[in-house]
Amino acid sequence: IEFLGADYEQIIGPQGKVGFVFSDTPVKVNYKVTKDGKEAFSKDYEVIVKGPFSSQGNAKPQTIPSMLQWKGGTGEFRLGDTVKLYCDSTKDFCDMLIADLKAVTGREVQVVNAPSEADIVLHTIGANISSFPTISNALQEEAYRISVTDKQVKIMASTPKGKMWGSRSLLQILKQTGGSVPCGDAYDVPRYQVRGVLFDIARTPYTLEDLRKAIDTMAWYKMNDLHLVINNNYIFLEEYVKDGHDPLKEAYTAFRLESKMVGKNGQPLTAQDVFFTKKEFRELIDYAKLRGVNIVPEFDTPGHALSFTKVRPDLIYQGPMGNPGRRSDHIDAGNPETLKFVAEVLDEYLLPDVETGKAPLEHIKLLRQGLDGVEEPGDIHIEGDQGGTGDMLAHEADIFQVALGTEVEQAHLAGHEEHIHHGAENTEDEHTLPLGFFHLAALAQEFLHLLILPVEDLGDLDTGEVLR
């Protein structure tokens, strides 16, 4: 009998080692059984990891997501007419927190110079604050503690993200109570490293204000990954062909970033209805980063690439296709000129600008998914999900995407890596993402739309263990 793992690896690690918990915590585990050369896998069993403080003091405050651990005290902390804040973070972060406290509590906020003078203390600690020996470094960066006495609320974290999530928990509690916090000690760390949604801003235009509101809502619920599709097009291009129309001239497509790229035919790459300047998009990335949200821009190629082929129709894929009606949005992954063209477009965002000396996407950390299929959460996403539908050889698309990443990396990004993401639909290639991902992403996008409105009504929600 072999222990396979737990749904809460922060509490029960891969080797079965159990971390300390404040209170009784349910964890699901499962096993692999081997007998006479045959294997079988168990169902999930729920076990209760016992904690010494389950029945003590105040009940755990309700937050979304629910805080992982809580040790209840007695009594409560209550704000006065003015909130006294000690904040040892950056000015931008402290200014944001001041504005949020004013909005949630309706009180003025006074910044004080010493923790002993404050009602609320935001404190950076250098040590690892996790009580779980199995926690990953990435999750540890998001951990925080909250300690509440009748005199003060103290939020402690070792990173900006930890302080951000701790402040969101405090704000959610204050939103519900009007200004009080039950005494006790909380420790929280995410269960999942990536908690995000995808917005296809190419097919559906969004304003910068829309995106900032979405980022604010994500941060409120401690979601940390916003995937933005930069270019895409109407997918059912065969409908144009069937009716005798040319989708290359008539089908809707959009590339939402400012670009200097213009084809010999006079066709600009940048969408003419809604687009973001390089400066605006860089500022949006900074806005999100301050709030603990990582922006992943997706560039679609070699499939869904009508924005590219309108600029360079000479690079349209001319090989065999399962659905020839969609030919116009497929750029030829086997043509060396295609690699040069797409790399030139990406250069605009990954290389320093002549005027400013900064790359528009300079804050983006790049990671690679190689052909070994090993993937890490990345900050730029090269997508070509038509590769396995019979429209284009998946292997050819794979080679193109890896070659594109290598080209950019070797030429311009010494010391960095690209995140090349294979997303071929309905393919047997083990390195591709199944179509179901996109359905889930669409559902997540609609879910976030719903979440944008109820933030003001959090006090009416019975949150329980929601989203934990």
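In summary, Asp188 and Arg145 do not engage in a salt bridge, as defined by a charged side-chain N under 4.0 Å from a carboxylate O. Under the 4.0 Å criterion applied to side-chain N and carboxylate O atoms, Glu344 and Lys340 are not assigned as salt-bridge partners. Arg195 and Asp225 are not joined by a salt bridge, as no carboxylate oxygen comes within less than 4.0 angstrom of a charged side-chain nitrogen. Using a 4.0 Å cut-off between a side-chain N of Lys or Arg and a carboxylate O of Asp or Glu, Arg326 and Glu238 qualify as a salt bridge. Salt bridge status for Asp286 with Arg282: absent, with no side-chain N to carboxylate O gap under 4.0 Å. We find that Glu76 and Arg78 are joined by a salt bridge, their nearest charged nitrogen and carboxylate oxygen being less than 4.0 Å apart.
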Criterion side chain to side chain donor-acceptor pair (under 3.5 Å) on Asp300 and Asn231, from CA distance to verdict | CA-CA 6 Å; Asp300 280 13; Asn231 70 286; 5.2 Å; no
Step by step, would you call Asp329 with His304 a side chain to side chain donor-acceptor pair (under 3.5 Å)?
-> CA-CA 5 Å; Asp329 81 345; His304 294 219; 5.3 Å; no
Would Ile11 and Thr25 satisfy side chain to side chain contact (heavy atoms under 4.5 Å, CB included), going step by step from the backbone distance to the final call?
-> CA-CA 9 Å; Ile11 298 177; Thr25 305; 3.5 Å; yes
Please report the C-alpha distance between Lys60 and Ser66 in whole Å, then the side-chain angles of each, then the deciding distance to 0.1 Å, and finally whether the side chain to side chain donor-acceptor pair (under 3.5 Å) criterion is met.
-> CA-CA 9 Å; Lys60 180 167 65 173; Ser66 176; 3.1 Å; yes
Is there a side chain to side chain donor-acceptor pair (under 3.5 Å) between Lys154 and Ser147 once you walk through the steps?
-> CA-CA 5 Å; Lys154 182 182 291 186; Ser147 179; over 6 Å; no
Decide side chain to side chain contact (heavy atoms under 4.5 Å, CB included) for Trp165 and Val189; before the verdict, give the C-alpha distance in whole Å, the side-chain angles of both, and the deciding distance to 0.1 Å.
-> CA-CA 9 Å; Trp165 303 148; Val189 63; over 6 Å; no
Please report the C-alpha distance between Thr309 and Leu248 in whole Å, then the side-chain angles of each, then the deciding distance to 0.1 Å, and finally whether the side chain to side chain contact (heavy atoms under 4.5 Å, CB included) criterion is met.
-> CA-CA 8 Å; Thr309 58; Leu248 193 65; 3.8 Å; yes
Decide yes or no on salt bridge (charged side-chain N to carboxylate O under 4.0 Å, His left out) for Asp92 and Lys289, but give the supporting numbers first.
-> CA-CA 11 Å; Asp92 286 343; Lys289 184 178 180 181; over 6 Å; no
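Between Tyr187 and Phe22, the ring center distance fails the sub-6.0 Å criterion.
Scanning both residues, Thr177 and Ser180, for their nearest heavy atoms gives OG1-O, 2.6 Å. The shortest heavy-atom contact between Ala143 and Ala157 is O-CB, 3.7 Å. Heavy atoms only, all atoms of each residue included: Gly162 and Tyr144 are closest at O-CB, 3.3 Å. Across all their heavy atoms, Ala254 and Ala271 have their closest contact at CB-CB, 3.9 Å. Taking each heavy atom of Ser167 and Phe93 in turn, the nearest pair found is OG-CZ, 4.3 Å.
With hydrogens and angles disregarded, no donor-acceptor distance shorter than 3.5 Å links the side chain of Glu9 to the backbone of Pro14. Gln172 places a side-chain N or O within donor-acceptor distance of the main-chain N or O of Ile64, the cut-off being under 3.5 Å. For the pair Asn224 (side chain) and Gly292 (backbone), a donor-acceptor distance under 3.5 Å is absent. Looking at Thr82, its side chain never comes within 3.5 Å of a backbone N or O of Gly80 through a donor-acceptor pair.
Here the CD-OG distance, from Gln267 to Ser307, works out to 8.5 Å after rounding to the nearest 0.5 Å. We find the NZ-CG distance between Lys358 and Asp353 to be 11.0 Å, quoted to the nearest 0.5 Å. For the atom pair CD of Gln176 and CG of Leu171, the computed distance is 11.5 Å after rounding to the nearest 0.5 Å.
For the pair Arg203 and Tyr252, the cation-pi test (distance below 6.0 Å, angle within 45°) is failed. Geometric assessment of Arg312 against the ring of Phe308 yields a negative cation-pi assignment under the 6.0 Å and 45° thresholds. The cationic atom of Lys278 (NZ for Lys, CZ for Arg) lies less than 6.0 Å from the six-membered ring centre of Tyr349 and within 45° of the ring axis.
Classified by interplanar angle (parallel below 30°, tilted 30° to 60°, perpendicular above 60°), the ring pair Tyr240/Tyr234 is perpendicular.
For Asp81, the CG atom is loosely surrounded, since the number of other residues' heavy atoms within 6.0 Å does not exceed 12. Enclosure of atom CD in Glu108 is not indicated, since only 12 or fewer non-hydrogen atoms of other residues, nucleotides or ligands lie within 6.0 angstrom.
In this structure, a donor-acceptor pair under 3.5 Å is present between the side chains of Lys222 and Ser169.
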